[in-house]
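Reading through the structure tokens given below for one structure.
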Amino acid sequence: MVFKKEIDWGGRILSIETGRFANQATGSVTIRYGDTIVLCTVVADDKASEENDFFPLTVNYIEKYYAAGRIPGGFVKREGRPSEREVLISRLIDRPIRPLFHPAFKNETQIICTVLSFDQENDADIISIIGASAALTLSGLPFMGPIAAAQIGYENGEFILNPKIGHETSLNLTIAGTKDGVMMVESGAKELSEKEMLAALKFGHQSFQPVINMIIELAEEAAKDSWEVTEIEDNSTDPLFKEISDNFMKDIELAYNGETKHARNTALKAVLKKITEHFSDREEVTEDILSRLFHDICSTFLRNKLLVQEKRIDNRTGKDIRPISVDVSVLPRVHGSAVFNRGETQALAIATLGTSQDEQIVDSLKGESKERFLLHYNFPPFCVGEIGRLGSPGRREIGHGRLAWKAINAVLPSKEEFPYSIRVVSEVLSCNGSSSMATVCGASLALMDAGVPIKNAVAGIAMGLIIDGDKYVILSDIMAEEDHLGDMDFKVAGTKDGITALQMDLKVNGVSFDIMEAAMKQAREGRLHILEKMAEGLSEARPELNENAPKLTSISIPKDKIREVIGSGGKVIREIIEKSGTKIDIDDDGNVTIAAQDSKSMQIALDMIKEIAFDPEEGTIYNATVVKIMDFGAFVRFYGTREGLVHISTMSDERIEKVTDIVNEGDEIRVKFLGYDNKGRAKLTMKVG
């Protein structure tokens, strides 16, 4: 049987249907917004894996090119490995859903959202989150939803619900949550204030309430029976928990007094080994049991230390930022570089400038486009003292890189102001929390070091939250241990004037807007402090580009001359590039951009292009080559391939008998262009003094 619900949402019909497609899945829906349709399915194993002490959830968002009436580009005409966009949207779906599964549920689960139709107006990311939520709600799995999501824009002081594709505003905010609270936020903004951002969050949360109600109404008619889940026993009531706490708490406290992450981890491993030896004569007490209890005891200790004593691992207060240092121009041959250190987190950022030939070509459902600004984040295993396999970037690296991209993109000059393509690479050399925000700081410094005229310096900070009932503490600049045990990861990036990127993920079922407001205020204080420290290394963009960066110049040529500059099969433009050693881009509108490493190469290319595309200027002196001698004068080639006659009477102020008394074939001479005769022939003179 087919069940369907629909509402008018943001001026368009949103509908969710179940029972028509994919009925062997544990739960499935098709969701439609305009003419964009996504099939969302969820399948869960009926048995929990005994080997897993975590929830094995996989989320895959897939774009099919047929959805937009397109055939994939490239040699293989079939969808292949996930694009960066697909990876980012898969993360977007995963983040608000994962915390809402019952903590005891360990069955392997897979969510797949497949775009079946794309109308070029309504994006599929928001409805994929909603569709995944609906499929889970109908499946009977222990999912404490439903959730919904919305995209919010901001224009002329007004918030816009789900702007259509191509409608750019000063805010691009994705928000997801339950009926009672926000679970996930992802946004890029053009230096919006904390007040404006908080208002956007409230508007977004309110805007998707009708969607949640629609999912609930559909579930009342079509939901499957609920799965049974065994409740997790409270480890704190386990006699072993008390025995370990009573005997080893002082050891745990001492272990956490270590000054570095490595020292603390080493000390904690020693404590766990001591605990294992203590229980070695009890066969029923396995190492797995002890490890789980030890983890819970450590977590309880740290949370209580924060909530009761208001002390952190390194004895900072909630608002304190770890020591910061920066260094710029650390690599001699790159275009811009900077090292940003905050506590034990260290990011090396490198900026490289290129031409439009270096822009990233993106092939997606929306068609082919180019990306001028690239930011790549690398997280090698050595940065956390581990051995690991190196390969293509994972979801974490792609996601963190995109967040930093949003933070920086808001302050970049336009292509008209700065015609370069830009790539920033962040190499995380050491990590103890908030490497994505260190990447933002390092990237900002590296760009300024390269001479890129960004509008303002950008800094980022990661905020944490420990909450227990009505009592909570907000933490600025969280370390890895605080991120692991905390209830919120709230990253804020921006300038002195406002927020450029914001990302929030919760491990609890929502937080109040009062807590969010307090976190934003505290994040602003921290951000301004970090910006002050960054300014000690470099306060603004260098006035000139780095000497290693390519030099760019642009000229405009008549459209009817483009063909001549390019030549048959590109012969002419290739000759110009080879002779000048430059890179040259020619747009359809006649705009020519030349990139060169030195002014001499630049001038050679400019002269060669001008000689083809423009007529010589009357009264201007040009270099020329004698190509033919006649009794009455010499024919010369000047201004590219143009030819003209220098009459014998204009070769010298004195009377001469023969042309060869003055010039011979092959001679290089200087001539002044006098215009054209009545037959359109160039008139030249050697009397240039």
Side-chain angles (χ1 to χ4, degrees), residues 333-336 352-359 413 415-422 450-453 542-627 636-644 646 663 666-675 682-689:
R333 296 307 296 268
V334 304
H335 300 164
T352 308
L353 305 180
T355 70
S356 60
Q357 293 179 19
D358 299 306
E359 292 177 358
K415 190 171 184 178
E416 290 71 30
E417 296 171 312
F418 191 74
Y420 291 85
S421 60
I422 304 166
V452 179
R542 300 195 187 279
E544 295 183 359
L545 287 181
N546 183 284
E547 61 180 11
N548 296 318
K551 310 301 184 287
L552 290 191
T553 190
S554 296
I555 61 169
S556 222
I557 65 173
K559 290 184 180 180
D560 59 358
K561 294 291 185 179
I562 294 175
R563 186 187 296 263
E564 294 180 39
V565 173
I566 294 174
S568 178
K571 181 181 178 180
V572 175
I573 196 69
R574 283 199 302 272
E575 182 183 353
I576 297 172
I577 290 170
E578 287 172 8
K579 286 188 175 180
S580 64
T582 60
K583 286 184 178 181
I584 301 173
D585 297 321
I586 304 178
D587 296 339
D588 292 339
D589 60 1
N591 185 58
V592 181
T593 302
I594 305 169
Q597 290 298 328
D598 55 66
S599 57
K600 182 179 178 182
S601 298
M602 179 75 75
Q603 195 59 51
I604 291 172
L606 273 172
D607 289 345
M608 293 179 75
I609 291 170
K610 286 179 179 179
E611 288 166 358
I612 298 170
F614 300 104
D615 288 331
E617 296 182 15
E618 192 171 326
T620 302
I621 298 170
Y622 297 100
N623 293 322
T625 303
V626 179
V627 295
V636 301
R637 182 176 294 118
F638 77 108
Y639 200 66
T641 59
R642 289 175 173 77
E643 292 188 1
V646 181
V663 296
D667 285 354
E668 299 289 334
I669 62 173
R670 300 272 286 169
V671 298
K672 181 186 288 186
F673 176 62
L674 302 175
K683 296 188 297 181
L684 303 167
T685 178
M686 291 176 62
K687 298 177 181 180
V688 299

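Since this is a predicted model, take the numbers as computed values, not measurements.
Between atom CG of residue Leu684 and atom CD1 of residue Ile669 there is a gap of 8.0 Å, rounded to the nearest 0.5 Å. Atoms CD and CD1, from Glu359 and Ile422 in turn, are 10.0 Å apart once rounded to the nearest 0.5 Å. With values rounded to the nearest 0.5 angstrom, Thr620 atom OG1 is found 10.5 Å from Leu674 atom CG. The CD atom of Glu643 sits 10.0 Å away from the OG1 atom of Thr625 when rounded to the nearest 0.5 Å. Separation of atoms NZ (Lys551) and CD (Gln597) is listed at 6.5 Å; rounding is to 0.5 Å. To the nearest 0.5 Å, atom CD of residue Glu564 and atom CD of residue Glu611 are 13.5 Å apart.
Checked by atom type and distance alone, the side chain of Asp587 never pairs as donor or acceptor with a backbone atom of Asp589 at under 3.5 Å. The backbone N or O of Ser580 sits less than 3.5 Å from a side-chain atom of Ser601, completing a donor-acceptor pair. The backbone N or O of Ile557 sits nowhere less than 3.5 Å from a side-chain atom of Lys559 that would complete a donor-acceptor pair. Judged by distance alone, with hydrogens and angles left aside, the side-chain atoms of Arg574 form no donor-acceptor pair with the main-chain N or O of Gly567 at under 3.5 Å. A distance-only check finds a donor-acceptor pair linking the side chain of Asn546 to the backbone of His335 [under 3.5 Å]. With Ser421 contributing its side chain and Thr355 its backbone, the two residues share a donor-acceptor pair below 3.5 Å.
Taking each heavy atom of Ile584 and Ala605 in turn, the nearest pair found is CD1-CB, 4.4 Å. Pro550 approaches Tyr420 most closely through the heavy-atom pair O-OH, 2.6 Å. Taking both residues in full, the closest heavy atoms of Ser356 and Lys415 are given as CB-NZ, 4.1 Å, listed atom of the first, atom of the second, then distance. The shortest non-hydrogen separation linking Gly451 to Leu545 is O-CD2, 3.6 Å.
Side-chain contact, Gln357 with Asp585: a donor N or O sits under 3.5 Å from an acceptor N or O.
Here the side chains of Phe614 and Lys561 are not in contact, with every heavy-atom distance at 4.5 Å or above. Val334 places none of its side-chain heavy atoms less than 4.5 Å from the side chain of Thr352. Looking at heavy atoms from C-beta onward, Asp607 lies out of side-chain contact with Tyr622 at the 4.5 angstrom threshold. Two residues are said to be in side-chain contact when any heavy atoms from C-beta on lie closer than 4.5 Å; Tyr639 and Phe673 fail this criterion. Here the side chains of Ile573 and Val565 are in contact, with some heavy-atom distance below 4.5 Å. Using a 4.5 Å cut-off on side-chain heavy atoms (C-beta onward), Val663 and Val646 make no contact. Leu353 places none of its side-chain heavy atoms less than 4.5 Å from the side chain of Leu552. Residues Ile594 and Met602 form a side-chain contact, since some pair of their non-hydrogen atoms from C-beta on lies under 4.5 Å apart.
Enclosure of atom CG in Asp588 is not indicated, since only 12 or fewer non-hydrogen atoms of other residues, nucleotides or ligands lie within 6.0 angstrom. Within a 6.0 Å sphere centred on CD of Glu617, other residues, nucleotides and ligands contribute 12 heavy atoms or fewer.
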Steps toward side chain to side chain contact (heavy atoms under 4.5 Å, CB included) verdict (Ile612, Met608): CA-CA 7 Å; Ile612 298 170; Met608 293 179 75; 5.6 Å; no

